Amino acid sequence: DIDGVGHKYYLDLELEDVLDNDRTVNCTAEVLYHLGSKTSAPDVQLTVQGELRSTEEADKEFYHRIRSLEKELVAENIPDSHGNVPPELEPIHLLAWAASGYVIWQNSTENTNFNLAQVKHVKQVKRNDEDLQFDFVVLLHEMVSQEVLPWQVTLLWHPQRGARVPQ
């Protein structure tokens, strides 16, 4: 307990480089859970030790590929029951991680431990602006209770603006 404000935790983490699975980057996180507040997410300060590789070219390629599709992208069960993610759906899986991270951040407490288990369903929604929109149904595994919970989450993404979760 920090002066009645909340509980602070320090974490040493290893981040896996999404472009090179054999490479990891160390980082330290300071997480402050506010006492008595069920609506505010924890404050997180992250310090990366080392350098993360740029995904700029891969992001642009993915963006243009999705924008050029004649029909909206629809996919299910990522990864499949054997843990496989098709290479063409890897960017969708990574965007689902980002969307799930937001849900986890907004709904975590000191007594929960959520992990993305699977993208049950994803559907691209055509927009009139430059953003890509994906509506996900993700399955989150709550490690403490062992429940698998479905969550609906919408993610907007643009390579220059990054990922945003409007709902």
Side-chain angles (χ1 to χ4, degrees), residues 9-32 40-108 113-141 150-167:
Y9 298 94
Y10 297 93
L11 308 169
D12 288 320
L13 307 166
E14 240 181 39
L15 298 176
E16 187 174 301
D17 189 325
V18 296
L19 297 179
D20 181 356
N21 289 337
D22 295 332
R23 185 173 176 272
T24 59
V25 177
N26 292 323
C27 67
T28 303
E30 180 182 288
V31 182
L32 174 65
S40 60
D43 291 329
V44 179
Q45 299 295 322
L46 186 69
T47 304
V48 177
Q49 300 154 0
E51 207 173 306
L52 295 172
R53 292 193 184 150
S54 173
T55 62
E56 187 175 345
E57 285 304 313
D59 289 349
K60 285 180 185 176
E61 182 181 314
F62 170 72
Y63 178 80
H64 292 296
R65 180 171 62 90
I66 296 299
R67 291 286 292 200
S68 67
L69 292 175
E70 289 183 27
K71 293 176 119 181
E72 292 88 356
L73 179 137
V74 175
E76 294 186 345
N77 302 324
I78 308 166
D80 65 17
S81 59
H82 301 288
N84 299 316
V85 177
E88 68 275 9
L89 292 178
E90 185 61 37
I92 296 295
H93 192 232
L94 294 173
L95 289 172
W97 269 354
S100 298
Y102 179 82
V103 170
I104 291 167
W105 180 51
Q106 289 292 318
N107 294 282
S108 289
N113 181 8
F114 291 104
N115 288 301
L116 174 61
Q118 187 181 49
V119 177
K120 192 65 184 161
H121 181 81
V122 60
K123 182 178 191 298
Q124 177 192 4
V125 177
K126 288 284 187 185
R127 296 176 56 90
N128 293 328
D129 60 15
E130 293 183 345
D131 286 338
L132 296 179
Q133 178 177 331
F134 299 99
D135 290 344
F136 291 100
V137 175
V138 295
L139 300 180
L140 297 181
H141 184 200
W151 286 85
Q152 292 182 355
V153 61
T154 295
L155 179 124
L156 302 178
W157 182 78
H158 188 278
Q160 293 174 331
R161 292 185 288 279
R164 297 168 320 283
V165 178
Q167 61 180 13

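This structure is a prediction, so every number in the text was calculated from the model and none was measured. Values below: every heavy atom of this structure, side chains too, minus hydrogens, waters and symmetry copies.
- Closest heavy-atom contact between Pro79 and His93: CD-NE2, 3.8 Å.
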Decide yes or no on salt bridge (charged side-chain N to carboxylate O under 4.0 Å, His left out) for Glu61 and Arg65, but give the supporting numbers first.
CA-CA 6 Å; Glu61 182 181 314; Arg65 180 171 62 90; 6.0 Å; no
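- Note that the OG atom of Ser108 and the CZ atom of Phe114 stand 6.0 Å from one another [nearest 0.5 Å].
- Side-chain polar atoms of Asp135 and Gln133 form a donor-acceptor pair below 3.5 angstrom.
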When you look at Phe136 and Trp151, which way does the side-chain contact (heavy atoms from CB on, under 4.5 Å) test go after all the steps?
CA-CA 8 Å; Phe136 291 100; Trp151 286 85; over 6 Å; no
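- Taking each heavy atom of Arg164 and Pro166 in turn, the nearest pair found is O-CD, 3.4 Å.
- Remark: Glu130 CD is loosely packed, at most 12 non-hydrogen atoms of other residues, nucleotides or ligands lying under 6.0 Å away.
- In this structure, Val48 and Cys27 approach most closely via the heavy-atom pair CA-CB, 3.9 Å.
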For Phe134 and Ile66, run side-chain contact (heavy atoms from CB on, under 4.5 Å): C-alpha distance rounded to whole Å, both residues' side-chain angles, the deciding distance at 0.1 Å, then the answer.
CA-CA 11 Å; Phe134 299 99; Ile66 296 299; 4.2 Å; yes
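- Across Val85 and Glu90, no two heavy atoms sit closer than the pair CG1-OE1, 3.4 Å.
- One finds the CD1 atom of Ile92 at 7.5 Å from the CD atom of Gln124 (value rounded to the nearest 0.5 Å).
- Closest approach of Ala75 and Leu89 over heavy atoms only: CB-CD1, 4.1 Å.
- For Gln45, the CD atom is loosely surrounded, since the number of other residues' heavy atoms within 6.0 Å does not exceed 12.
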Apply side-chain contact (heavy atoms from CB on, under 4.5 Å) to residues Arg161 and Leu156 and explain how you reach the verdict.
CA-CA 9 Å; Arg161 292 185 288 279; Leu156 302 178; over 6 Å; no
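- To the nearest 0.5 Å, atom CG of residue Leu140 and atom CG of residue Leu116 are 6.5 Å apart.
- Taking the side chain as every heavy atom from C-beta outward, His121 and Val74 approach each other to under 4.5 Å.
- Atom NZ of Lys126 has more than 12 neighbouring heavy atoms from other residues, nucleotides or ligands inside a 6.0 Å radius.
- Across Lys120 and Leu139, no two heavy atoms sit closer than the pair CD-CD1, 4.0 Å.
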